[in-house]
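Single-structure report; data block below.
Remember, it's a predicted structure, so these values are computed and weren't measured experimentally. Letters A, B, ... are given to chains in the order of the sequence lines, protein chains preceding strands, and every chain is numbered from 1.
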2 protein chains.
Amino acid sequence: MTEPEPLPPLSRGPLREQIRRVLLDGLVAGRWQPGERIVERRVAAELDVSQAPVREALRELEALRLVESAPNKGARVRDFDVRDLRESYQVRAVLEGLAADLAVPVFAGDVRVLEEHTRRLHQAAAAGDVTAQIRHAVAFHRAIVAASDNRLLLAVWESLGVEVWTTLSLRVYRAELHENAEDHEPIVAAFRRQDPRTGEIVRDHVLSYGLPPAPAPDQA
Amino acid sequence: MTEPEPLPPLSRGPLREQIRRVLLDGLVAGRWQPGERIVERRVAAELDVSQAPVREALRELEALRLVESAPNKGARVRDFDVRDLRESYQVRAVLEGLAADLAVPVFAGDVRVLEEHTRRLHQAAAAGDVTAQIRHAVAFHRAIVAASDNRLLLAVWESLGVEVWTTLSLRVYRAELHENAEDHEPIVAAFRRQDPRTGEIVRDHVLSYGLPPAPAPDQA
DNA sequence: ATTTGAGTAATGATCGATCATTGCGTAAGT
DNA sequence: ACTTACGCAATGATCGATCATTACTCAAAT
């Protein structure tokens, strides 16, 4: 088995997953506006599939809180607001704070993985690739959660849909991109020296994302 | 509209919800054992419904991590272990800790709701009704999370399925029932005096649930 | 003009049937 | 005996059609 890529699988995975991706892309691209309905049959016809897998895909989007639905009412795109972002960062902060505390002994000072993510984040920033910046910043945070060795914690964190929400927050109301590489250095350093306050540091780092655009620091 | 109860609705709500309840009850009652498969068609035939709503109900159980499934493999009852409980309490601890901090100014010292839950918990304990104990203890914790006024936090907490998991943990391996009423008094008191350490107190309280049976306290 | 209610189109919820994958038993081949 | 390939039953995934609820139109009644 030395073949690197057998062939680009024309249709990989269950249908519902492909549909979910299409819907996700559509939401991120703004094809459906907030408040707009997503009609199961219309999507099904458009993708030339039946209603069933579309339903299932919509359920997954509902779990990500990207759409909301009531019985016999169907799904509609959620109308995001700043409150959603604040709530998200509050929850992320405590989750990732816990993850960091749990991850410190797991990393055991070996932070090469985190350094690699930071490096790519730097590269993306230098190239001005916002999408890649988000992707690598999220990967950085995810690596911490994954290292916590708490499966539930990882599952809950994934259910927040951090990458999609971050992307959307940039699109919907042109929020600032907080994820700059420098901010992650202190975190890497904390893990490197196995600082008992690493959780606290990570928590405050995430929490700072949800804060107003950063007050002018030129006043003592 | 003064009629108190028009009629006990013979079949309320969407089918999938009724089915979900049946499956939940079955799991809690031990009708399906850990590791056992739950076959969509068999359940459908047994309840005289079609496969579709059963599928949807199973998806919800999967979200509660009560069953696990892989594509084309179907669902099977998860094989819970102590690790699951430990993970659950760790996550609950930070979530409810955050909720408590957010809820302090919301309660503003008015803890009548929490007192009521505590009172009922006492009653249930006195009556030896374990199920009611769990129900009221969970309601107590849920009240704190609900008071946090963070919708995402509440949604994430609900997704943990605390009540079902607590009940199951008693059934599967006869875990101890930690939820005794006295333990909740310090929490109520902290909210009453709006203690800035309330979050910390709640966090430690929840975390203590996941600890071993409590070491003998007779040694200084 | 406003309200009420029948009628209807749109669409979610559910159904019964079919397609496709998996698991497993069985037998030929070594 | 062990391995491999074939065939079949079980079952998840998907489909096309039907049922049931909702949202809406519009006209008659007030």
Side-chain angles (χ1 to χ4, degrees), chain A residues 1 6-7 9-24 26-27 31-79, chain B residues 1 6-7 9-24 26-27 31-79:
Chain A
M1 308 288 194
L7 259 187
L10 291 186
S11 64
R12 62 187 161 189
L15 205 31
R16 105 188 69 98
E17 293 189 8
Q18 304 178 42
I19 298 174
R20 172 168 53 80
R21 183 153 307 167
V22 170
L23 292 176
L24 270 174
L27 282 173
R31 174 171 174 185
W32 288 281
Q33 292 300 310
E36 188 176 347
R37 288 194 51 184
I38 302 183
V39 179
E40 298 179 355
R41 284 177 171 170
R42 199 178 307 169
V43 177
E46 201 161 340
L47 300 179
D48 196 40
V49 296
S50 80
Q51 199 182 343
V54 176
R55 262 180 87 83
E56 302 198 0
L58 279 175
R59 281 292 165 74
E60 300 185 24
L61 296 195
E62 194 179 354
L64 288 174
R65 301 175 320 289
L66 294 172
V67 307
E68 53 190 356
S69 64
N72 287 307
K73 293 289 192 62
R76 62 179 59 238
V77 182
R78 273 203 52 194
D79 195 1
Chain B
M1 309 288 195
L7 259 187
L10 292 186
S11 63
R12 63 189 162 190
L15 250 193
R16 104 188 72 99
E17 293 189 9
Q18 304 179 42
I19 298 174
R20 172 169 52 82
R21 182 153 307 165
V22 169
L23 292 177
L24 270 174
L27 281 175
R31 174 171 174 183
W32 289 280
Q33 291 300 311
E36 187 175 347
R37 288 195 52 185
I38 302 183
V39 179
E40 298 178 356
R41 283 177 166 161
R42 199 179 307 169
V43 176
E46 200 160 340
L47 300 179
D48 196 40
V49 295
S50 80
Q51 197 182 344
V54 176
R55 262 179 87 83
E56 302 199 1
L58 279 175
R59 282 292 164 75
E60 301 185 24
L61 296 195
E62 193 180 355
L64 288 174
R65 302 174 320 287
L66 293 172
V67 307
E68 53 191 356
S69 63
N72 287 308
K73 293 288 191 62
R76 62 179 59 239
V77 182
R78 274 204 50 195
D79 195 2

If you take all heavy atoms of G74(A) and R37(A), which pair is closest and at what distance?
CA-NH2, 4.5 Å
How close or far is atom P of dT14(D) from atom CG of L47(A), stated in whole angstroms?
13 Å
Give each protein N/O atom lying under 3.5 Å from an N/O atom of nucleotides 5-7 of chain D, with the pair distance.
none

Once rounded to the nearest 0.5 Å, what's the spacing between atom CZ of R55(B) and atom CD of E62(B)?
10.0 Å
Any sub-3.5 Å donor-acceptor pair from Q18(A)'s side-chain atoms to G13(A)'s backbone N or O?
yes
Identify which nucleotide among dA13(C), dA13(D), dC15(D) has an atom closest to any side-chain atom of P53(A), counting heavy atoms from C-beta outward.
dC15(D)
Salt-bridged, E56(A) to R20(A), with N to O below 4.0 Å?
no
Could you walk me through whether L66(A) and L23(A) pass the side-chain contact (heavy atoms from CB on, under 4.5 Å) test, one step at a time?
CA-CA 10 Å; L66(A) 294 172; L23(A) 292 176; over 6 Å; no
Examine distances only and state if a side-chain atom of E36(B) and a backbone atom of Q33(B) form a donor-acceptor pair shorter than 3.5 Å.
yes
Taken to the nearest whole Å, CD/E68(B) to P/dG12(D) is 15 Å
Return the nearest nucleotide to the side chain of P14(B); candidates are dT11(C), dT14(C), dG12(D).
dT14(C)
Nearest-0.5 Å distance that lies between atom OG in S69(A) and atom CD1 in I38(A):
10.5 Å
Whole angstrom is fine here: how far is it from CD in E56(A) over to P in dA13(D)?
7 Å
Could you give the CG-to-P distance, from L58(A) to dT14(D), as a whole number of Å?
14 Å
Each nucleotide in nucleotides 16-23 of chain C should get exactly one letter: B, S or -. Can you fill that in based on protein heavy atoms under 4.0 Å?
-BB--SSS
To the nearest angstrom, how far is R59(A) atom CZ from dT14(D) atom P?
16 Å
What's the spacing between R59(B) CZ and E60(A) CD if we round to 0.5 Å?
6.5 Å
From CZ (R76(A)) to CD (E68(A)), nearest 0.5 Å:
8.0 Å
For the pair made of CD1 in I38(A) and P in dG12(C), what is the distance, rounded to whole Å?
11 Å
Using whole Å, report how far CD1 of I19(A) lies from P of dA13(D).
13 Å
R37(B) side-chain N/O to dG12(D) phosphate OP1/OP2 under 4.0 Å:
yes
Atom CZ of R16(A) to atom C1' of dA13(D): distance rounded to whole Å?
8 Å
Distance below 4.0 Å between R55(A) side-chain N/O and dG12(C) OP1 or OP2:
no
